[in-house]
Amino acid sequence: MAAALRFAAVAREAPAALRLVRERDSACGAARPGAQCWARRGLVLRCQSGAAATTTLKKGEAPAPAVSDGGAPPAAAGFTVVMKFGGSSVASAERMREVADLILSFPEETPVIVLSAMGKTTNNLLLAGEKAVSCGAPKASELDELKAIKELHFRTIDELGLDSSLVSGFLDELEQLLKGVAMMKELTPRTRDYLVSFGECMSTRIFAAYMNKLGKKARQYDAFDLGFITTDDFTNADILEATYPAVAKRLQGDWVDEPAIPIVTGFLGKGWKSCAVTTLGRGGSDLTATTIGKALGLREIQVWKDVDGVLTCDPNIYANAVPVPFLTFDEAAELAYFGGQVLHPQSMRPAREGGIPVRVKNSYNRHAPGTVITTTRDMRKSILTSIVLKSNITMLDIVSTRMLGQYGFLAKVFSIFEDLGISVDSVATSEVSISLTLDPSKLWSRELIQQELDNVVEELEKIAVVHLLQHRSIISLIGNVQRSSLILEKAFNVLRRNGVNVQMISQGASKVNISLVVHDSEAKQCVQALHSAFFENGFLSEVEEVDIAQKNGSPLLVNSNGAMHGN
Ligand SMILES: Nc1ncnc2c1ncn2[C@@H]1O[C@H](COP(=O)(O)OP(=O)(O)O)[C@@H](O)[C@H]1O
Ligand SMILES: N[C@@H](CC(=O)OP(=O)(O)O)C(=O)O
């Protein structure tokens, strides 16, 4: 009774806020009530009471696009490139001016523009949501992060000479939403996705308005209304196949009706069952861009960042990192998957499938050549391409309690991970033992981490002796694994000289990545030492010299520092 009274009192205080959260979390409480939902080929269903959830599609299977006439897309609109600008590129009015100028400096292109949220807006939204859960409704309007978001967006609008009504509705709704979260004392993954969508929804509206003010016709799109159809895995949704024809049809159709540069929200989609706003995982705007590139069959996909391309290592770990001019999709995907934050882990897939080059450029230094990512490249002179660090991972050493020659051990181990829904990163095996690392992003994004680990260990202990090793790092050496002996020889020399013991080694089937597991406390120092050995001390020319000597029949000599030279 007391609880009911309290609830009624809160509801009176801010009914709009509660309604918002309830709408979000109801069966189909999408951003647009009654929004269309993609469910069956040739049918357009209204999303009501989860009606669309009646189909039996599995994850990865594609529902049909939201087109009921089944017609071919209209004549190609002539889009040539997609240009994605990340949060750092559009962090202020000044940056938006710069980006507009950059786009206009390519008059020969007909681009589709994808934007992320301004600056640190996504982080601020997430933090505001988390604080709202425990701050109490009256304080939700006073959260520092909300103030920072309001201040940034109003100031940007003011400095660009635009109308504040472009974002004021969003900012009011955002405040109501945070109050709602505060009242409910709960932030579900679904509400979290809706919450962060405000960032991209506002940045794209501001930028489109600014382009129009400059006299360049632009049209804003929310990806969840454009045809980005995803799984309902809130906070980390996968894009479904139906997205490609839906997006192509809409963008091309609109262009034919009235040409205007599309300005699309990155990072967002629409869950195919829930019809609610979903997000593609942090940094997901890269994936939005490559998806549009493939959908339209564009000549090139450009991702504009705040660095001169993909670098030889994370510049925050080691400032001597330098740009890598060329990468293959395989190399870029491994680099992203193993922790290189410069690209979203899934973003290479559409580009690879469409055979569309991806160019990583610096919006702060537009003339720098950047990195070009393609299907193949000349590997003859390539040894190591980049060093990537993924910290704070968990490693498991699993030793079978059965005797040698028992079959089915690996299968049993992996079925335990499958049953518990835990993803494995790197693996090294012998007949009776397995060492493996667990994907931290999968664990971090969920609660009860320790409990999950305890469950894994408990299950595994039924068939094996298990050692759980935490605070480990994976150092991934991305490069030409045709030269793996050379890479390993050099790497182990460096690590030995630094007194580091490698705890696990794994070379994936992709043949572009050798992973070494070390203790977290040694990891950064290892990356720095490896970087200076491979990239800073003439290693490549040293190897070339040796290659030539070997071709000429002279023996290979290695000195006490691990350096090689021909005779
Ligand atoms: N190997 C790497 N090469 C380039 N940048 C990297 C690398 N590893 C980590 N980074 C970090 O990634 C950042 C760029 O990615 P991101 O923040 O997603 O850019 P944006 O938000 O502009 O899309 C860089 O500022 C850099 O700090
Ligand atoms: N704004 C989202 C999506 C994104 O791609 O951002 P960025 O391009 O700034 O990494 C995020 O911060 O995750």
Side-chain angles (χ1 to χ4, degrees), residues 83-92 95 98-99 113-127 149 192-193 195-204 223 228 235-237 264-269 277-291 301-325 327 331-347 358 360-365 368 370-371 373 384-391 441 445 475-479 524 527 531 535:
M83 300 169 92
K84 177 257 169 173
F85 295 91
S88 57
S89 297
V90 291
S92 63
R95 292 300 311 155
E98 178 75 22
V99 166
I113 308 299
V114 173
L115 297 188
S116 299
M118 293 181 71
K120 300 277 170 231
T121 299
T122 306
N123 285 355
N124 278 333
L125 287 165
L126 286 169
L127 211 54
I149 291 167
R192 195 186 296 250
D193 275 359
L195 179 70
V196 290
S197 73
F198 282 74
E200 273 73 9
C201 288
M202 291 192 289
S203 66
T204 47
F228 275 81
T235 76
N236 205 8
V264 182
T265 57
F267 184 46
L268 310 177
V277 176
T278 55
T279 62
L280 309 176
R282 293 306 306 267
S285 302
D286 295 341
L287 178 56
T288 309
T290 55
T291 301
I301 296 158
Q302 299 177 356
V303 285
W304 291 80
K305 310 246 163 200
D306 60 350
V307 277
D308 282 349
V310 176
L311 307 181
T312 44
C313 75
D314 183 344
N316 302 305
I317 295 176
Y318 194 43
N320 290 6
V322 290
V324 178
L327 278 174
E331 288 175 307
E334 285 295 293
L335 181 142
Y337 184 75
F338 278 91
Q341 292 199 345
V342 64
L343 292 168
H344 181 277
Q346 305 299 330
S347 61
V358 176
V360 184
K361 295 273 290 176
N362 189 351
S363 72
Y364 289 75
N365 181 18
T371 300
I373 310 171
L384 200 66
T385 311
S386 189
I387 304 171
V388 188
L389 177 61
K390 199 168 184 174
S391 295
S441 60
S445 62
I475 296 176
S476 295
L477 305 173
I478 312 289
K524 282 192 178 168
V527 172
H531 192 281
F535 297 111

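Atoms within each ligand, like the ligands themselves, are counted from 1 in listed order. Residues take their numbers from the sequence shown, with the count starting at 1.
Atom 25 (O) of ligand 1 has as its closest protein heavy atom D306 OD1, 2.7 Å. In terms of protein heavy-atom proximity, atom 27 (O) of ligand 1 is closest to N316 ND2, 2.9 Å. Among all protein heavy atoms, the one lying closest to atom 23 (O) of ligand 1 is K84 NZ, 2.8 Å. Of the protein's non-hydrogen atoms, S88 OG, 2.8 Å is the one closest to atom 22 (O) of ligand 1. The shortest contact between atom 20 (P) of ligand 1 and any protein heavy atom is with G86 CA, 3.7 Å. Counting only heavy atoms of the protein, atom 21 (O) of ligand 1 lies nearest to G87 N, 3.5 Å. Looking at atom 12 (O) of ligand 2, its nearest protein heavy atom turns out to be R282 NH2, 2.8 Å. Among protein heavy atoms, the minimum distance from atom 19 (O) of ligand 1 is reached at K305 CD, 3.5 Å. Among all non-hydrogen protein atoms, the one lying nearest atom 7 (P) of ligand 2 is S116 OG, 3.5 Å.
In L311, the parts holding a heavy atom less than 4.0 Å from any atom of ligand 1 are both the side chain and the backbone. Contacts between K84 and ligand 2 below 4.0 angstrom, taking non-hydrogen atoms only, involve the side chain exclusively. At a heavy-atom cutoff of 4.0 Å, ligand 1 is contacted by the side chain of P315 but not by its backbone.
Within the set G340, G119, G309, S116, the minimum heavy-atom distance to atom 4 (C) of ligand 1 is found for G309. Here atom 5 (N) of ligand 1 lies nearest to V342 when heavy atoms of D286, D308, V342, I317 are compared.
Side-chain atoms of T371 come within 3.5 Å of backbone atoms of V324 as a donor-acceptor pair (strictly under, hydrogens ignored). For S347 (side chain) and L343 (main-chain N/O), no donor-acceptor pair under 3.5 Å exists by modelled atom type. The main-chain N or O of V303 is never found under 3.5 Å from a side-chain atom of K361 such that the two would form a donor-acceptor pair. The backbone N or O of L311 sits less than 3.5 Å from a side-chain atom of S386, completing a donor-acceptor pair. Here the side chain of S285 pairs no donor or acceptor atom with the backbone of T288 at under 3.5 angstrom. Listed for the H344 side chain is a donor-acceptor partner under 3.5 Å among the backbone atoms of L280. D308 places no side-chain N or O within 3.5 Å of a backbone atom of G370 that could act as its donor or acceptor partner. In this structure, the side chain of T278 engages the main chain of G269 through a donor-acceptor pair within 3.5 Å. Side-chain atoms of T121 do not come within 3.5 Å of backbone N or O of A117 as any donor-acceptor pair. Judged purely by atom type and a 3.5 angstrom limit, T279 has no side-chain atom pairing as donor or acceptor with the backbone of L268.
Residue D286 has no nitrogen or oxygen atom sitting less than 3.5 Å from a nitrogen or oxygen atom of ligand 2, judged on distance alone. Considering backbone and side-chain atoms together, G87 places an N or O closer than 3.5 Å to an N or O of ligand 2.
The residues K305 and D286 are annotated as salt-bridged, a charged nitrogen and a carboxylate oxygen being separated by less than 4.0 angstrom.
By the 30° and 60° cut-offs, the orientation of the rings of F85 relative to W304 is parallel.
Close to ligand 1: C313, with a non-hydrogen atom less than 4.0 angstrom away. Not a single heavy atom of H344 sits less than 4.0 Å from an atom of ligand 2. Within the structure, the closest approach of G266 to ligand 2 does not fall below 4.0 Å when heavy atoms are considered.
Using a 4.5 Å heavy-atom threshold, the side chains of K120 and L127 count as separate.
Listed by number with element, the atoms of ligand 1 under 4.0 Å from a non-hydrogen atom of V310 are 3 (N). Atoms of ligand 2 lying under 4.0 Å from at least one heavy atom of G283, given by number and element, are 3 (C), 4 (C), 5 (O), 10 (O), 11 (C), 13 (O). Within ligand 1, counting atoms from 1 as listed, the ones closer than 4.0 Å to a heavy atom of Q341 are 8 (N), 9 (C), 15 (O), 18 (O).
Protein heavy atoms all stay at least 4.0 Å away from atom 17 (O) of ligand 1.
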